[in-house]
Amino acid sequence: MRASNFVLAVSLCATLPLAAQAPDEQWYGEHMNDHLGTVTEIIGDVDNDCVRDLAIASPDADREIFFPLFTVLPDMGRVQIRSGATGALLYNWYGTVIDGLFGYAVSDAGDIDQDGHDDVLVGMPYGSGPLGDEGLVQLRSGATGGVIRTHYGTQRFSRFGHSIAGGSNLLEFDHHRDYAIGAPFYDVNSSTGGFDEEGKVYVFSGATGLLVEEIAGGTRAVLSGTPGLITYEAMLQHVGWSLDSRHARLVIGAPNSDRQHIHTLAIDQDIGAVMYVSGASGSFETTFRTGSSAGIRMGYVVGMGSEMPSGERQIVVGTPNFNGYGLVDVYTPILPVNFAQEHWEYHAGTAGQTSAPIGEVAAFVGDLDHDDIEDYAIGIPLFDFGAPFTITNAGRVRVFSGADGSLLSEFGSSTAGDRHGASVSGGDINGDGVAELLVGVTHDDDGSFDAGAAWFYLGEGCPPDSALYGEGWPGTLGVPNLVAITPPTLGSNFQLFVGNSLGAPSQAWLFLGFSPAAIPFKDGTLLVDAFKIQSFPVATNGTTLWPALPDDDELCHLSAFLQVLVIDPGATRGVAFSGGLELILGY
């Protein structure tokens, strides 16, 4: 490939930041308002071909019946199981109850029946069993698609099956794939505090299907730092709204939890809470953390990731009502002493986009940057694309490093109303060490109006990165900056910031090449073997550029080298130099 084919410097004035990264595959809903992609899950190997497979759910989907008469059954719900190797449709499951929301939750179950095929758990929180309207969860065979067993809720209207966490041996000693099911509207009544909809989580043995444990909401007294002094009571409510599990660990979200202060009797409503449960000792140990202020709904979404040196797992927690634009935290709890021994990273929603909060969609998605630590993604389905936010509700997904919280990639739709990022799942489906991503785009119109879609991104083993090198030369206010604010992702615009050493409007040159250099020039050093030089104005406080990168996989792993020179009479020879910036192109 000739260097002149590279188009980075051709479009420095692009106005739309971070254009949509093209998916490798797309699947569309069929009927109006199906909202395909409401749930997306990378599950286990259903068809036993050594490649993990994909589950895509549309709990709002209607079902058409053609015999004996054409009839449309509303909101039956549908779950597609697709091959991770070919994308072919393996199973097409429908619910059995109108408005039952079949597929509201879907989870990998592991190979429960030991036949070589991983099985799948599907929730229908408005389904009916012996009690009526109690909700149910089906365990379905990966080999045949048939129902292996069905679990029903134990109380009407408890929304059993609202959340599911499967495929993990929650009790470490028994070495079986267990699973947990949430019923967040379960009413414990007066036994633990006298308020409604405390919620409950049921843990079942994968081997036998028998109930192993129940974890209910209710009132919990919390001690302060002074021994014996109770500071407040946490009234855990809607326990089981969200769930995730990994090896002998379970995390539970309870976003409508309240907190009452013992001394003032003041109640903080809907602060939310997260429970962290360990079964590593063969019995369940539980700790929890509440939100910080009323109304923020901590625990709306939870996810569990890599094991840290402490032996505990990282967890990601969404708080969508925080400050009006949402918050996502990453914790490493330490049992049984402290929920947040390490609280090392948080992400706030985008300023100016209060109508597009974060915190409703977040998950650990596998290792995308080859550092052997699982990374996590945040979905922002109501994100407005473009500047100044002219394309509404296009949606966006941001992927962050599990090692340090740095932004690895950001991509989405550029079509108004698509709601890209309504769900996100990830994992290494083919064993190449790089995770794939499956993203829900619930209001995509390509199949029909708001029929929805699932967009699949194949991990190419080519993460973007950037690095500074060499020394600059100072001007009036020092050495001008040159920094990549966002990763140089192929098929996208990315963000460069150019500082201004003069402190007043000036002119600058951007040097671009494909090799570093060390060429004396005036009093500084040219750090780029440049084949392209482009002039542009630089504002008093610096300038942001949005270079465009082509969507060409052949450019993966290619490095581009940049340097900026700023006209500055305060420099010894009238020109200040930035240091060098290496861009490693990826995805």
Closest approach of [X] and [Y], non-hydrogen atoms and distance?
X	Y	value
Ser423	Val361	CA-CG1, 3.8 Å
His117	Val46	ND1-O, 2.7 Å
Leu121	Asp108	CD1-O, 4.3 Å
Asp113	Ser141	OD2-OG, 4.3 Å
Leu139	Ala109	CD1-CB, 3.7 Å
His420	Phe411	CE1-O, 3.7 Å

(Q) With side-chain contact (heavy atoms from CB on, under 4.5 Å) as the criterion, how do Arg63 and Val72 come out once you've worked through the C-alpha distance, each side chain's angles and the decisive distance to 0.1 Å? (A) CA-CA 6 Å; Arg63 184 174 188 180; Val72 176; over 6 Å; no

Has Arg140 got its NZ or CZ under 6.0 Å from the middle of the six-membered ring of Trp93, at an angle within 45 degrees of the ring axis? yes

Is there a donor-acceptor pair under 3.5 Å between the side chain of [X] and the backbone N or O of [Y]?
X	Y	answer
Asp99	Asp75	no
Glu134	Gly129	yes
Ser242	Gly299	yes
Asp244	Val302	no
Asp444	Val441	no
Ser401	Asp404	yes
Asp49	Val51	yes
Asp367	Asp372	yes
Ser107	Gly166	yes
Gln26	Pro23	no

Within a strict 4.5 Å, meaning less than it, do heavy atoms of the [X] and [Y] side chains meet?
X	Y	result
Met304	Gln314	no
Ile81	Leu54	no
Val277	Val251	no
Met76	Val97	no
Leu250	Tyr179	no
Glu360	Pro320	yes
Ser83	Asp47	yes
Ile391	Asp384	no

One pair to check against side-chain contact (heavy atoms from CB on, under 4.5 Å): Gln80 and Leu89. What are the steps and the verdict?
CA-CA 7 Å; Gln80 299 179 21; Leu89 184 64; 3.7 Å; yes

Would you please test Arg419 and Thr442 for side-chain hydrogen bond (donor to acceptor under 3.5 Å, both in side chains) and show each step? CA-CA 6 Å; Arg419 302 195 187 184; Thr442 53; 5.5 Å; no

Are Asp45 and Arg52 close enough, and set up right, to give a salt bridge (Lys or Arg N to Asp or Glu O under 4.0 Å), and what steps lead you there? CA-CA 4 Å; Asp45 182 9; Arg52 293 175 66 186; over 6 Å; no

Enter the distance from [X]:[atom1] to [Y]:[atom2] here, rounded to the nearest 0.5 Å.
X	Y	atom1	atom2	result
Met32	Asp450	CE	CG	8.5 Å
Leu73	Tyr94	CG	OH	10.0 Å
Asp428	Leu368	CG	CG	9.5 Å
Leu555	Asp552	CG	CG	4.0 Å
Phe102	Thr96	CZ	OG1	8.0 Å
Ser205	Arg177	OG	CZ	13.0 Å

Next on the checklist: Assess the residue pair Val399 and Tyr376 against the criterion (side-chain contact (heavy atoms from CB on, under 4.5 Å)); give the C-alpha distance rounded to whole Å, side-chain angles, the decisive distance to 0.1 Å, and a yes or no.
Outcome noted: CA-CA 6 Å; Val399 183; Tyr376 57 96; over 6 Å; no

**Message:** Looking only at side-chain N and O atoms, does Ser58 offer a donor or acceptor that is under 3.5 Å from a partner on Asp60?
**Reply:** no

Checklist entry - So, Tyr202 and Thr154: side-chain donor and acceptor under 3.5 Å apart, yes or no? => result yes

- Could you check Tyr300 against Trp241 for ring-ring contact (aromatic ring centres under 6.0 Å, His included), going step by step and ending with a plain yes or no? CA-CA 7 Å; Tyr300 188 93; Trp241 180 276; 5.6 Å; yes

Side chain to side chain contact (heavy atoms under 4.5 Å, CB included) with Phe160: of Gln155, Lys200, Met124, His151, only one passes, and it is His151

Exactly one candidate in Thr208, Val137, Ile112 meets side chain to side chain contact (heavy atoms under 4.5 Å, CB included) with Arg149; the answer is Ile112

message: I'd like to know whether Ser425 forms a side-chain hydrogen bond (donor to acceptor under 3.5 Å, both in side chains) with Thr40, so could you lay out the CA-CA distance, the side-chain angles of the two residues, the decisive distance to 0.1 Å, and finally the verdict.
response: CA-CA 6 Å; Ser425 177; Thr40 52; 5.5 Å; no

- request: For Glu374 and Arg246, run salt bridge (Lys or Arg N to Asp or Glu O under 4.0 Å): C-alpha distance rounded to whole Å, both residues' side-chain angles, the deciding distance at 0.1 Å, then the answer.
  value: CA-CA 13 Å; Glu374 191 167 6; Arg246 295 292 174 92; 2.9 Å; yes

Inset, instruction - Mind running side-chain contact (heavy atoms from CB on, under 4.5 Å) on Asn393 and Asp418 for me, showing each step along the way? - result: CA-CA 6 Å; Asn393 297 343; Asp418 266 1; over 6 Å; no

Under a 4.0 Å threshold between the charged nitrogen and the carboxylate oxygen, would Glu25 count as salt-bridged to Arg82? no

* Does CZ belonging to Phe185 count more than 12 external heavy atoms closer than 6.0 Å? -> yes

